[in-house]
Amino acid sequence: MSDGFDVRTYAAGLHAGTLLPAHRHGWGQLVFAASGVMRVVTDDATWTIPPTRAIWVPAGVRHAIAARGEVAMRTLYIDRPRADPLPVEPCVIAVAPLLRELILHVLTVGMLNPDKPHHDRLAGLLIDLILQARPEDLALPLPRDPRALRLAETWRDHPADARGLSQIARESGASLRTLQRLFPRETGLTLEAWRQKARLVHAVERLCAGAGVTETALDCGYQSPAAFSEAFSRQFGVSPSRFAPRGLV
C-alpha cells in the first residue's frame, strides 16, 4: 500500500563481505555506490556497481546485495506512479555529477511528498535525470541450468582460472558440447564470451579498489596488459586507466 510519498531514502555503510540476503520491495529502488563496489544478484544476472554508478531495481524484483569492500550505499525508493516511466528491468546507469548531488540532496530531505510543490519538482527532476543517464553494461546474465550455473559461478568468483574448458566442463557435470549449447540459449553469450566478460567485469572491481592496470590484467587471467586493455576498451568504451572512482561519469 502506498503511504503517499513519491520517494523514500535509506543510507548505510556496509563493511567488506556484508551480504543483504535476497529480498524484494513493493517500491522501485535506485541503489547508488557513493563509494566502494557492490554486487547485486537477481534471479537472472549478477550486476557489478562501482562508484559513480547505480542500479535501478524495479518493484518486485528479487535481489541480494553484497559489499565488495567498504561501501557507502545510498538508496532511493520510488513509488508508483512516479516510477512508471523507468525501465521495467534492472539496469546499471552512470551517475553524472548533477544526479549524484540530487541523490544526496534527496537523502537529506528524507521523503518526497508530491503534495509539496518543491518535493514534486525534485521527484520530477530525479526521474528525468535517471532516464537521461548513460547505461552501463555491467551485468553477467546467469544461466538457469544448474550445471551451466555452477560453471558461471566458478568463473564469476575465480576469473583467473586458467584450466581448460573440457576440464571445467567435467567438474560442472556436463559435457563441453552441452555447455556450449546451454550458454548461448540461456545467457545470450557463447561460453568463451561469457568467460571473457566475467573477467572484464571483475577487472572493474579491481580497478575501482585501486589496483593498477598490470596487476588487474594478471588477476583477471590475462598474460598481456596490452591484450587486457584492448579487450577492456572494446567492452566498456574507455581504457582501464579511466575506469576508476574518478573516471568518466
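What you see below is based on every heavy atom in this structure, not just the backbone, and it leaves out hydrogens, waters and symmetry mates.
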Kindly give the heavy-atom pair with the smallest separation between [X] and [Y], and that separation in Å.
| X | Y | value |
| --- | --- | --- |
| Pro87 | Cys91 | CG-SG, 3.8 Å |
| Val40 | Ile65 | CG2-CG1, 4.1 Å |
| Ala217 | Pro225 | CB-CA, 4.0 Å |
| Ala34 | Arg74 | CB-CG, 4.0 Å |
| Val201 | Leu138 | CG1-O, 4.4 Å |
| Glu186 | Arg144 | OE1-N, 2.7 Å |

### Task
Would you please test Trp27 and Val7 for side chain to side chain contact (heavy atoms under 4.5 Å, CB included) and show each step?
CA-CA 9 Å; Trp27 292 27; Val7 180; 5.8 Å; no
### Query
How far apart are the C-alpha atoms of Tyr222 and Thr216, what are their side-chain angles, what is the distance that settles it, and do they pass the side chain to side chain contact (heavy atoms under 4.5 Å, CB included) test?
CA-CA 9 Å; Tyr222 286 85; Thr216 299; over 6 Å; no
Within a strict 4.5 Å, meaning less than it, do heavy atoms of the [X] and [Y] side chains meet?
| X | Y | value |
| --- | --- | --- |
| Ile168 | Arg195 | yes |
| Pro58 | Val88 | no |
| Leu200 | Lys197 | no |
| His15 | Glu70 | yes |
| Phe228 | Arg199 | no |
| Thr154 | Ser172 | no |
| Leu182 | Pro143 | no |
| Val71 | Thr18 | no |

#### Entry: Salt-bridge criterion met for Arg39 and Asp157 (N-O under 4.0 Å)
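Result for this pair is yes, salt bridge flagged.
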Check whether [X] and [Y] end up in the same hydrophobic cluster, where Ile, Leu, Val, Met, Phe, Trp and Tyr are linked by side-chain heavy atoms less than 4.5 Å apart.
| X | Y | result |
| --- | --- | --- |
| Val109 | Ile78 | yes |
| Met73 | Val204 | yes |
| Ile127 | Phe32 | yes |
| Val213 | Val37 | no |
| Val31 | Leu19 | no |

Would you give the length of the straight line joining atom [atom1] of [X] to atom [atom2] of [Y], rounded to the nearest 0.5 angstrom?
| X | Y | atom1 | atom2 | result |
| --- | --- | --- | --- | --- |
| Glu215 | Cys220 | CD | SG | 10.0 Å |
| Asp79 | Arg8 | CG | CZ | 9.5 Å |
| Asp219 | Glu205 | CG | CD | 10.0 Å |
| Ser166 | Arg177 | OG | CZ | 11.0 Å |
| Arg53 | Met38 | CZ | CE | 12.5 Å |
| Leu151 | Leu191 | CG | CG | 6.0 Å |

### Query
Taking only residues two or more places apart in sequence or in another chain, which ones pass side chain to side chain contact (heavy atoms under 4.5 Å, CB included) with Ala169?
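In terms of side chain to side chain contact (heavy atoms under 4.5 Å, CB included), with neighbours along the sequence ignored, Ala169 is linked to Leu176, Leu179.
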### Message
As a quick check of understanding, evaluate side chain to side chain contact (heavy atoms under 4.5 Å, CB included) for Ile93 and Leu99, giving each step before the final call.
### Response
CA-CA 11 Å; Ile93 60 172; Leu99 178 55; 4.1 Å; yes
Result block: side-chain N/O donor-acceptor pairs under 3.5 angstrom for residues 112-125, not counting sequence neighbours:
unit_1, atom_1, unit_2, atom_2, d
Asn113, OD1, Asp115, N, 2.9
His119, ND1, Asn113, N, 2.9
Asp120, OD1, Arg82, NH2, 2.4

### Parallel, tilted or perpendicular: rings of Trp194 and Phe183 (30°, 60°)
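Taking Trp194 first and then Phe183, their aromatic rings stand perpendicular (interplane angle over 60°).
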### Message
Check the orientation of His25 and His63. Use parallel for under 30°, tilted for 30 to 60°, and perpendicular for over 60°.
### Response
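His25 and His63: tilted rings.
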### Message
Distance alone, cut at 3.5 Å: any donor-acceptor contact between the side chains of Thr178 and Arg147?
### Response
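Distance-only check fails for Thr178 and Arg147.
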#### Entry: CD/Glu89: more than 12 non-hydrogen atoms of other groups inside 6.0 Å
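12 or below, so no.
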### Task
For the pair Thr52 and Arg100, evaluate side chain to side chain contact (heavy atoms under 4.5 Å, CB included) and give the outcome as yes or no after the intermediate values.
CA-CA 8 Å; Thr52 71; Arg100 178 184 185 277; 6.0 Å; no
